[in-house]
Amino acid sequence: MLRALGLGAVLYGFWLVLSGHFEPLLMGFGIGSSALVVYLALRMDVVDHEGLPVDLGVRFWLYLPWLMKEVFVSNVRVARIILTPGLPIDPILVKYHASQKTDLGRAIYANSITLTPGTITTWVDEDSLDVHSLTWIDVDGREEDEMDRRVSWVEQGVVG
Amino acid sequence: MTLVIEILSWASIVLGLFFMVVGTIGVLRMPDVFTRMHAAGMTDTMGAGFLILGMCLQAGLSLLAARLVLVYAFLLFTSPISTHALARAALAGDVEPYRKPRGDG
Amino acid sequence: MWTAAAAGILVSMALALVRALLGPTVYDRVLAVNTFGTKTVLLLLVIGFLTGRPDWVDLSLVYALINFIGTIAVLKFFEYGDLGRQRHPEGGTER
């Protein structure tokens, strides 16, 4: 029930940002449509941990700036590779160990890897990921180990 | 103060355009579909990121800036998912990943 | 200045179209169309600032949604040969 209320609050915030109307009548319409969507979501039985991961907690927001910094660094690296005349690439498929215990943690880890240019997750298993990498330098392991550790740290902050 | 924000915002937009064009050049230059995905990812992350950051600086603290951030958040969530789906589909479709030709075999 | 930004985005859209036309595999074309869609989203934002009407932001948000769903739908079609059915246990598609 609390989760449904949370979903309603998130939907209503989304509605407010998109509409930009603050007249009482229109805000009432917004409440009505958010309530309708919450009702539909309850009937579809998607209001669960996966549908609304509010318990992801503060740690995820602490992880994001580090991820953006990492994305920027690897963007510069890939840009340099593209602009080098000889195109010095050496693509390879490697297997990474994933120490996360939940699906959510693995999903965050896999998407973080894909988000940083130079590495793409192609397959996700119980405790490992297949990663396609643009060069050997990207898979020396140090950065991914740190990302793995940080995602595990985010995961431990999840209450549910 | 306004001038500083103006300069910062245009620098950010130019940087975004740079990453976007370089990413597209990468999509053209790379030898196979997997390596092209790396280049395409640049457009989705930093190209869009810096462009939208510049626009947010232009918009100031307003509902418009919140909507711009929403667009970027959406791009950040969907881009790795479609890249991952594309990589899986390409592997399932028997596309052989490009390997660097080696002299010693 | 906004015109210059729009021109820059249009140039990279043209480059992406070249990749979509060259192929060679269908996945290259899907990838090119996907980046083309991302650029369309950004172009819509720039047009919003160019014309001074911020309503374009909503259009670009919707376009981002459609672009994502379209890419996934096309990929699912090429992976399974079907949009609704699951892959058969022995491989191949259920008919």
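Chain A is the first sequence line, chain B the second, and so forth, proteins listed ahead of strands; every chain is numbered from 1.
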K.L.:
Count the heavy-atom pairs under 4.5 Å between each of Ala40(B), Ala90(B), Ala85(B) and chain C, then report the option with the highest count.
P.N.:
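Of the candidates given, the most pairs with chain C belong to Ala90(B).
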K.L.:
Report the option among Asp32(B), Leu75(B), Leu68(B) that has the most heavy-atom pairs separated by less than 4.5 Å from atoms of chain C.
P.N.:
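So the answer, after comparing Asp32(B), Leu75(B), Leu68(B), is Leu68(B).
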K.L.:
I'd like to know which of Ala5(C), Gly48(C), Ser60(C) tops the heavy-atom pair count under 4.5 Å against chain B.
P.N.:
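The residue among Ala5(C), Gly48(C), Ser60(C) with the greatest pair count is Ala5(C).
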K.L.:
Just by modelled atom types, is the Thr38(C) backbone N or O under 3.5 Å from a matching donor or acceptor in the Tyr63(C) side chain?
P.N.:
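Checked: no pair found.
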K.L.:
Side chain from CB out, backbone as N, CA, C, O: work out which of these in Ile52(B) comes under 4.5 Å of a heavy atom of chain C, or both, or neither.
P.N.:
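Contact with chain C: side chain only.
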K.L.:
How long is the gap from CG on Leu15(C) to CG on Leu10(C), to the nearest 0.5 Å?
P.N.:
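Reported to 0.5 Å precision, the distance equals 11.0 Å.
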K.L.:
Tell me, out of Asn67(C), Asp58(C), Val30(C), who's got the most heavy-atom pairs with chain B below 4.5 Å.
P.N.:
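The answer is Asp58(C).
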K.L.:
Side chain, backbone, both or neither: which part of Met42(B) has a non-hydrogen atom closer than 4.5 Å to chain C?
P.N.:
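For Met42(B), there is no contact with chain C at all, as no heavy atom is under 4.5 Å.
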K.L.:
Students often mix this up, so state it plainly: with edges at 30° and 60°, are the rings of Phe49(C) and Trp2(C) parallel, tilted or perpendicular?
P.N.:
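Aromatic pair Phe49(C)/Trp2(C) classed parallel.
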K.L.:
By a 4.5 Å heavy-atom criterion (distance strictly below it), what part of Ile13(B) contacts chain C: side chain, backbone, both, or neither?
P.N.:
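Interface part for Ile13(B): side chain.
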K.L.:
How many angstroms lie between atom CG of Leu15(B) and atom CZ of Phe50(B), to the nearest 0.5 angstrom?
P.N.:
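Answer for the CG-CZ pair, Leu15(B) versus Phe50(B), is 4.5 Å.
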K.L.:
Do the side chain of Ser12(B) and the main chain of Leu8(B) share a donor and acceptor less than 3.5 angstrom apart?
P.N.:
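Looks like no, no N/O pair under 3.5 Å.
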K.L.:
Are Val33(C) and Thr71(C) packed together at the side-chain level, in the sense that at least one heavy-atom pair is separated by less than 4.5 angstrom?
P.N.:
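Heavy-atom side-chain distance check fails, nothing below 4.5 Å.
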K.L.:
Heavy-atom distances under 4.5 Å only: say whether Leu86(B) touches chain C with side chain, backbone, both or neither.
P.N.:
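Interface part for Leu86(B): both.
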K.L.:
Against chain C, work out which of Ile25(B), Val21(B), Leu28(B), Val14(B) has the most heavy-atom pairs shorter than 4.5 Å and name it.
P.N.:
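Ranked by contacts with chain C, first place is Leu28(B).
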K.L.:
Chain B heavy atoms under 4.5 Å from Val46(C): which part of the residue, side chain, backbone, both or neither?
P.N.:
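Contact with chain B: backbone and side chain both.
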K.L.:
Charged N to carboxylate O below 4.0 Å: is that the case for Asp28(C) and Arg19(C)?
P.N.:
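So Asp28(C) does not pair with Arg19(C) through a salt bridge.
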